[in-house]
Amino acid sequence: MKKRTFPLEKVYGLIEPGPVVLLSTSRNGRPNVMPMSWHMMMEFEPPLIGCIVSNRNYSFDSLKSSGQCVINIPTIDIADKVVGCGNTSGATVDKFEKFALTCQPATQVDAPLIDECYANLECRVVDTKMLAKYCMFVVEVVQAWIDPRVKKPQTIHHLGYGKFMIAGETVKLKSKMR
Ligand SMILES: Cc1cc2nc3c(=O)[nH]c(=O)nc-3n(C[C@H](O)[C@H](O)[C@H](O)COP(=O)(O)O)c2cc1C
């Protein structure tokens, strides 16, 4: 076995969960958006998602004060915009204007759907017990939207340091997991 040690700070890139998503929020009527890859499913129904949002980000205060957000799922065609949103802060930049992203009104929450994303999940914060220690919000998806024309969404998955994996082939196996 010729394995080498792997730096602990890069481990997350091996275990990285699902797609990079765009978390949109609204504060005083002004929308903002940030990419987020540190998230995890916690329950099937109602769907619960754990989201780590650093308290250094402008989005943290928006999500904490409003208790509402939309998790938008982008694909490779807007990857440059996604990264651009991660290199700027809503504290100083109107990212919707700068990156030409289109806001659409949500039905259940006060945060915008991003039209360019193939799926949008309207969410409400339901648990902040882990907020002080881990900046973790548990959100419940209260309404979900999907573009039926997108059959094989090429979602993007963060490997760290500017590298991304694009979702590709799927296989069907006899798994008991639903
Ligand atoms: C691919 C990618 C994934 C990211 N994942 C997270 C994350 O899970 N949690 C987080 O707090 N910041 C994450 N960031 C960093 C924020 O998106 C970044 O700090 C952003 O500028 C915050 O914007 P805001 O200040 O407008 O909230 C990520 C950035 C990129 C590019």
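In each ligand, atom 1 is the first atom listed, and ligand 1 is the first ligand listed.
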Is there a path of hydrophobic side-chain contacts, each under 4.5 Å between heavy atoms, that joins Ile49 and Val138?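 They do not share one cluster, since no chain of ILVMFWY contacts under 4.5 Å joins Ile49 to Val138.
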
Does atom CD (Glu97) have a neighbourhood of more than 12 heavy atoms from anything else shown, all under 6.0 Å?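 No, because the 6.0 Å sphere around CD of Glu97 holds 12 heavy atoms or fewer from other groups.
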
Partners passing side-chain hydrogen bond (donor to acceptor under 3.5 Å, both in side chains) against Arg56 (at least two apart in sequence or in another chain):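 Scan of Arg56 (side-chain hydrogen bond (donor to acceptor under 3.5 Å, both in side chains), adjacent residues dropped) gives none.
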
Only counting residues at least two apart or in another chain, list the ones meeting side-chain hydrogen bond (donor to acceptor under 3.5 Å, both in side chains) with Thr92.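 For Thr92 there are no side-chain hydrogen bond (donor to acceptor under 3.5 Å, both in side chains) partners, ignoring immediate neighbours.
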
State whether Tyr118 and Arg149 meet the cation-pi test: NZ (Lys) or CZ (Arg) under 6.0 Å from the six-membered ring centroid, and within 45° of the perpendicular axis.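 Pair Arg149/Tyr118 does not count as cation-pi.
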
Close N/O pairs between ligand 1 and protein, under 3.5 Å:
residue, atom, partner, partner atom, Å
ligand 1, 5 (N), Ser37, N, 3.0
ligand 1, 5 (N), Ser37, OG, 3.4
ligand 1, 8 (O), Ser37, N, 3.1
ligand 1, 8 (O), Trp38, N, 2.8
ligand 1, 9 (N), Ile52, O, 2.8
ligand 1, 11 (O), Ser54, N, 2.8
ligand 1, 11 (O), Asn57, ND2, 2.9
ligand 1, 12 (N), Asn57, ND2, 3.3
ligand 1, 14 (N), Pro35, O, 3.4
ligand 1, 17 (O), Pro35, O, 2.9
ligand 1, 19 (O), Asn57, OD1, 2.8
ligand 1, 21 (O), Gly86, O, 3.2
ligand 1, 21 (O), Thr88, O, 2.6
ligand 1, 23 (O), Lys95, NZ, 3.0
ligand 1, 25 (O), Tyr58, N, 2.9
ligand 1, 25 (O), Ser89, OG, 2.8
ligand 1, 26 (O), Asn32, ND2, 2.9
ligand 1, 26 (O), Gly90, N, 2.7
ligand 1, 26 (O), Lys95, NZ, 2.8
ligand 1, 27 (O), Tyr58, N, 3.3
ligand 1, 27 (O), Ser59, N, 2.8
ligand 1, 27 (O), Ser59, OG, 2.6

Report all side-chain donor-acceptor pairs from residues 37-46 shorter than 3.5 Å, counting only partners two or more places apart or in another chain.
residue, atom, partner, partner atom, Å
Ser37, OG, Glu16, OE2, 2.9
His39, NE2, Pro19, O, 2.6

